> 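Below you'll find the structure I mean.
Because the structure is predicted, anything quoted here is derived from the model rather than measured.
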Amino acid sequence: MTIRLYDTSARQIRDFTPLVPGCVSIYLCGATVQAAPHIGHIRSGLNFDIMRRWFDYRGYDVTFVRNVTDIDDKIIKKAAEQDRPWWSIGYENEVAFNTAYDALGCLRPTYEPRATGHIPEMIEMMRGLIERGHAYAADGNVYFDVKSFPEYLQLSNQELDNLRQPSGEGETGKRDPRDFAMWKAAREGEPSWETPWGRGRPGWHLECSAMAHKYLGSAFDIHGGGVDLVFPHHENEIAQAKAYGDDFAAYWTHNAWVTMSGEKMSKSLGNSLLVAEMVKRWRPIVLRYYLGTPHYRSMIEYSEEALREAESAFARIEGFVQRAVEKAGVVEPALEVPPAFAEAMDDDLGVPQALAIVHTTVRQGNSALLADDKESAVARLAELRAMLGVLGLDPLDERWAGGGTDRGDDLHGVVDSLVRLVLDQRQAARSRKDYATADAIRDQLQQSGLAIEDTPSGPRWSLS
């Protein structure tokens, strides 16, 4: 058994060899809490939740650190615009992120440190880098000297001569425009902390280098995050940590975006879909299926049609589980997943290939039920629960089946499947220009308490 992962730094899939046998340490760049999370934000948490679950299934002792960036330019700007304390905006959105992670069934991290709680560690790292000649203070700022670190840009595979380093307001005194800020001098009305180089606040990149060092030591196994973080964030983390003397991460793993019309989902584009709103329209377990089952390195192009397809696919899984339980009672998950499922997951977390085994097992289980083969149906249900447990999608798990979840959410999927059957009949009537029948179907649905809206992507129903 060997887990293999795509390593961004090596640009290839590598066999995973832990630094400490039987243990795996993971650092994931978590939320920058300047706004509530959309589904693009939460995809990263889901992908690494599945990674964590797979390592756990394979018998590793997992330490999973997911940080919170609770101070940055956008948080400060919003605080000024809303005339609120910067920390209240950060905390409000941190709660929103954790609510979203919980709603979609993500396990809590081992540690979830906030940037502002680790100023002493950042000061210590800056002091060490200045002493080693890798950093310098200027006008109350502290900068990293990129030319002092020959390995700089190896992760993103760029040439230093062509580099255009993003710079923020107030970053004065640079020796080279490509140097990046580790500490930003205080400005009037903004939060600041005292350092040997003057009052100020941390730069984004320094936070993660310092927190990874504190919680995982000078060397750890896997550093993760969205593919958009490769440069400048992860590149600058590596420079700081290695110049300080750390070995830092042995593997770099990045998840792809959720896009709309080919563009990265973001607040600035105005195309975000907040998790808090999405879970009102879609069952959280269906949203997890939709976001978690594509390969973590492949883009997801958002559409309601794709979500409906995910809902239908998961309904087929739930349908077999329900029928099997009615036939044989609740069956405990098997101790081991099927070999083909394990092989797919070991190969760079090949969830799409693993999911094919899930649906094959569902078809076999349904055939067993039709043949009244209770023993085979029970065996398939046990295998299915083991596989779904790894993916965080077991409908019989307490997280989804009980423990305070709303049965109304569970029934939504059942009702949706039934309504869509009727809507398909209505659409067929409209296609053959039988508008009387189509209108009659619509009227009957409305009399049942449902509102039907015809949209460019197809009819949509809601409770009227």
> Should Arg308 and Glu311 count as an ion pair when the cut-off is N to O under 4.0 Å?
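Salt bridge: no.
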> Could you give me the CA-CA distance, side-chain angles and deciding distance for Glu92 and Lys78, then say whether salt bridge (charged side-chain N to carboxylate O under 4.0 Å, His left out) is met?
CA-CA 13 Å; Glu92 175 183 281; Lys78 287 197 171 187; over 6 Å; no
> Got more than 12 heavy atoms from elsewhere within 6.0 Å of CZ, Arg426?
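Atom CZ in Arg426 is packed in, count exceeds 12.
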> Tell me if a side-chain donor or acceptor on Asp70 pairs with a main-chain N or O of Trp87 at a distance below 3.5 Å.
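Side chain of Asp70 to backbone of Trp87, a donor-acceptor pair under 3.5 Å: no, none is there.
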> Does a donor on one side chain and an acceptor on the other come within less than 3.5 Å for Thr32 and Asp72?
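No - no donor-acceptor pair under 3.5 Å links their side chains.
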> Heavy-atom count around Gln444 CD within 6.0 Å, excluding the residue itself: above 12?
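Result for CD/Gln444: open.
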> Below 30° counts as parallel, above 60° as perpendicular, anything between as tilted: where do the rings of Tyr111 and Tyr215 land?
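Aromatic pair Tyr111/Tyr215 classed tilted.
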> Between Asp56 and Arg52, is there a side-chain N and carboxylate O pair less than 4.0 Å apart?
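No.
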> Any non-hydrogen side-chain atom of Thr63 less than 4.5 Å from a side-chain atom of Ile26?
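The answer is no; the side chains never approach within 4.5 Å.
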> Could you give me the CA-CA distance, side-chain angles and deciding distance for Asp397 and Arg385, then say whether salt bridge (charged side-chain N to carboxylate O under 4.0 Å, His left out) is met?
CA-CA 9 Å; Asp397 186 275; Arg385 290 200 65 193; 5.7 Å; no
> Could you check whether Lys327 pairs with Asp372 (Lys NZ or Arg NE/NH1/NH2 to Asp/Glu carboxylate O, under 4.0 Å)?
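Here Lys327 pairs with Asp372 in a salt bridge, since their nearest N and O are under 4.0 Å apart.
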> What orientation do His223 and Phe248 show, parallel under 30°, tilted 30 to 60°, or perpendicular over 60°?
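Because their plane-to-plane angle lies in the 30° to 60° range, the rings of His223 and Phe248 count as tilted.
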> How about Tyr57: does its OH atom have over 12 heavy atoms from other parts shown lying under 6.0 Å from it?
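Atom OH in Tyr57 is packed in, count exceeds 12.
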> Going by atom types alone, do Asp221 and Ser25 pair a side-chain donor with an acceptor below 3.5 Å?
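Note: Asp221 and Ser25 side chains meet the donor-acceptor criterion.
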> Under a 4.5 Å cut-off applied to non-hydrogen side-chain atoms, are Tyr60 and Pro18 in contact?
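Side-chain contact under 4.5 Å: yes.
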> Looking at Asp348 and Arg297, is any side-chain nitrogen of the basic one under 4.0 Å from a carboxylate oxygen of the acidic one?
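Salt bridge flag = yes for Asp348 with Arg297.
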> So, does Arg11 use its side chain to make a donor-acceptor pair with the main chain of Ser9 at under 3.5 Å?
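Here the side-chain-to-backbone pair exists.
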> Charged N to carboxylate O under 4.0 angstrom, Glu207 versus Arg114?
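Judged by the 4.0 Å cut-off on N to carboxylate O distance, Glu207 and Arg114 do not form a salt bridge.
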> Tell me whether the count of non-hydrogen atoms from other residues, nucleotides or ligands lying under 6.0 Å of CD in Glu151 goes above 12.
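More than 12 within 6.0 Å, yes.
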> Judged by modelled atom types alone, do Glu235 and Ser156 share a side-chain donor-acceptor pair under 3.5 Å?
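The answer is yes; a qualifying pair exists.
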> Is it true that the NZ or CZ of Arg66 lies under 6.0 Å from the centre of Phe48's six-membered ring and within 45 degrees of the ring axis?
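No - Arg66 does not lie over the ring of Phe48 by the 6.0 Å and 45° rule.
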> Would you please test His234 and His205 for ring pair (Phe, Tyr, Trp, His ring centres under 6.0 Å) and show each step?
CA-CA 8 Å; His234 289 166; His205 319 301; 9.6 Å; no
> Should we count CD of Glu375 as having more than 12 external heavy atoms under 6.0 Å?
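No, not enclosed.
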> Around atom CD of Gln158, are there more than 12 heavy atoms from other residues, nucleotides or ligands closer than 6.0 Å?
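Buried by this count: over 12 neighbours within 6.0 Å.
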> If we only count heavy atoms from C-beta on, is the Cys208 to His233 side-chain gap below 4.5 Å?
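In short, these two side chains touch, coming nearer than 4.5 Å.
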> Using the ring of each side chain (for Trp, its six-membered ring), is His38 parallel, tilted or perpendicular to His41, with breaks at 30° and 60°?
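The arrangement is parallel - the two ring planes meet at less than 30°.
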> Between Asp73 and Arg201 (salt bridge meaning N to carboxylate O under 4.0 Å), is one present in this structure?
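A salt bridge is present here (some side-chain N lies under 4.0 Å from a carboxylate O).
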> Would you please test His254 and Tyr6 for ring pair (Phe, Tyr, Trp, His ring centres under 6.0 Å) and show each step?
CA-CA 9 Å; His254 294 92; Tyr6 184 86; 9.1 Å; no
> Salt bridge (charged side-chain N to carboxylate O under 4.0 Å, His left out), that's the test. Do Arg53 and Asp49 meet it? Break it down for me.
CA-CA 6 Å; Arg53 288 170 182 264; Asp49 182 65; 2.8 Å; yes
> Quick one: do the Arg323 and Asn366 side chains pair a donor with an acceptor below 3.5 Å?
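Distance-only check passes for Arg323 and Asn366.
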> Are the side chains of Val337 and Glu383 in touch, meaning some heavy atoms are under 4.5 Å apart?
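A side-chain contact under 4.5 Å is absent here.
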